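None of these values were measured; they are calculated from a predicted model. Residue numbers run from 1 in the order of the sequence given. The basis for the numbers below is simple: all heavy atoms, side chains too, and nothing from hydrogens, waters or symmetry mates.
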Amino acid sequence: MKQERNIITMDEYGRIHFPSTTSNDFGMSTNELIDLFGVIYTTLRANITAIYKSGVLNEHEVQRCINISNGISIDDYTLSMIVALSFRLNTFGAYKVRECVMNKLTTNPKNSILFLNVRTHECMNESKYSLN
């Protein structure tokens with residue numbers, strides 16, 4: 001039985017489709033990222049390496065190796081790496097992913113302000129601190 005993968009896709013009209021899933025079971029392989037961003041393998045690997053080297057993301061947190069069958073394995077990257085790559089690459093696919101991410105971050109149905117404490121990684125909304 002083939003399991004459906006939760007990946008970001010772009011249709012022929014340039015519309016980005018994010019899966020409605022939690023980030024824990026979300027991941028994209030190298031080939032899927034190449035298709036999404038419209039880059040070649042060496043460009044993708046160079047940018048992934050640069051992200052690791054800069055210390056922005058840790059390899060053990062955003063990359064996992066999945067064994068498929070017959071000794072074949074693929075690298076699978078989390079949403080954090082996909083977003084980092086979208087801000088690092090200069091392609092149409094990367095632009096559309098950036099646009100979608102920024103739209104999701106700035107669209108808030110409750111019209112409230114969200115703060116992120118960088119030191120503790122705690123999300124706070126305005127009602128908690130009564131910032132009127």
Side-chain angles (χ1 to χ4, degrees):
M1 181 167 91
K2 188 174 180 177
Q3 182 179 2
E4 185 177 327
R5 292 187 35 87
N6 297 313
I7 62 171
I8 300 171
T9 57
M10 183 169 52
D11 65 14
E12 63 271 10
Y13 303 108
R15 292 184 297 227
I16 296 291
H17 302 281
F18 270 87
S20 56
T21 182
T22 63
S23 61
N24 293 340
D25 54 344
F26 181 86
M28 292 182 70
S29 70
T30 305
N31 288 338
E32 292 164 343
L33 291 173
I34 288 169
D35 289 341
L36 177 66
F37 292 128
V39 294
I40 59 175
Y41 177 79
T42 53
T43 301
L44 183 69
R45 285 302 312 160
N47 281 279
I48 290 171
T49 303
I51 289 169
Y52 290 149
K53 223 174 184 181
S54 70
V56 173
L57 297 173
N58 294 322
E59 185 174 349
H60 68 277
E61 293 174 351
V62 297
Q63 181 180 345
R64 63 182 176 201
C65 187
I66 298 174
N67 294 321
I68 298 176
S69 64
N70 299 331
I72 299 171
S73 62
I74 59 170
D75 289 330
D76 194 58
Y77 298 94
T78 64
L79 183 59
S80 300
M81 176 58 82
I82 298 163
V83 172
L85 284 167
S86 74
F87 281 93
R88 192 164 167 82
L89 296 169
N90 187 20
T91 64
F92 180 70
Y95 166 76
K96 295 304 280 185
V97 171
R98 283 192 304 269
E99 184 179 59
C100 189
V101 166
M102 294 305 294
N103 187 28
K104 286 189 181 290
L105 287 174
T106 58
T107 305
N108 194 344
K110 296 180 182 176
N111 292 330
S112 63
I113 300 172
L114 183 69
F115 298 96
L116 175 65
N117 186 330
V118 181
R119 292 179 190 232
T120 63
H121 302 281
E122 177 187 8
C123 283
M124 303 163 271
N125 60 25
E126 64 180 337
S127 61
K128 182 176 179 181
Y129 294 95
S130 32
L131 299 170
N132 294 336

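No side-chain heavy atom of Asn58 sits less than 4.5 Å from a side-chain heavy atom of Val62. Counting only heavy atoms from C-beta outward, the side chains of Glu61 and Thr78 never approach each other to under 4.5 Å.
The one candidate from Leu85, Ile16, Thr91, Leu89 that meets the side-chain contact (heavy atoms from CB on, under 4.5 Å) condition with Val97 is Ile16.
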Could you list the donor-acceptor pairs under 3.5 angstrom formed by side chains in residues 43-53, with sequence neighbours left out?
from, atom 1, to, atom 2, distance (Å)
Arg45, NH1, Tyr77, OH, 2.6
Asn47, OD1, Arg88, NE, 2.9
Asn47, ND2, Thr43, O, 2.7
Thr49, OG1, Arg45, O, 2.8
Tyr52, OH, Gln63, OE1, 2.7

Could you pull out all donor-acceptor pairs under 3.5 Å where a side-chain atom in residues 7-14 meets a protein atom, sequence neighbours excluded?
from, atom 1, to, atom 2, distance (Å)
Asp11, OD1, Tyr13, N, 3.0
Asp11, OD1, Gly14, N, 3.1
Asp11, OD1, Arg15, N, 2.8
Asp11, OD2, Arg15, NE, 2.9
Asp11, OD2, Arg15, NH2, 3.0
Asp11, OD2, His17, NE2, 3.4

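Not one N or O on the side chain of Ser73 forms a donor-acceptor pair closer than 3.5 Å with the backbone of Cys65. Although no hydrogens or angles enter the test, the distance criterion places a donor-acceptor pair under 3.5 Å between the side chain of Arg98 and the main chain of Ser86.
For the atom pair Leu36 CG and Met28 CE, the distance stands at 4.5 Å (nearest 0.5 Å). Between Ile74 atom CD1 and Arg64 atom CZ the span is 9.0 Å, to the nearest 0.5 Å. In this structure, Met81 CE and Leu79 CG are separated by 11.5 Å, a value rounded to the nearest 0.5 Å.
With sequence neighbours excluded, the residues forming a side chain to side chain donor-acceptor pair (under 3.5 Å) with Glu99 are Tyr95, Lys96, listed by chain and number. For Asn67, there are no side chain to side chain donor-acceptor pair (under 3.5 Å) partners two or more places apart in sequence or in a different chain. Looking at residues two or more places apart in sequence or on another chain, you find a side chain to side chain contact (heavy atoms under 4.5 Å, CB included) between Asn31 and Ser29, Ile34.
Side-chain heavy atoms closer than 4.5 Å link hydrophobic residues (I, L, V, M, F, W, Y) into clusters, and following such links, even through other members, never connects Phe37 to Ile40.
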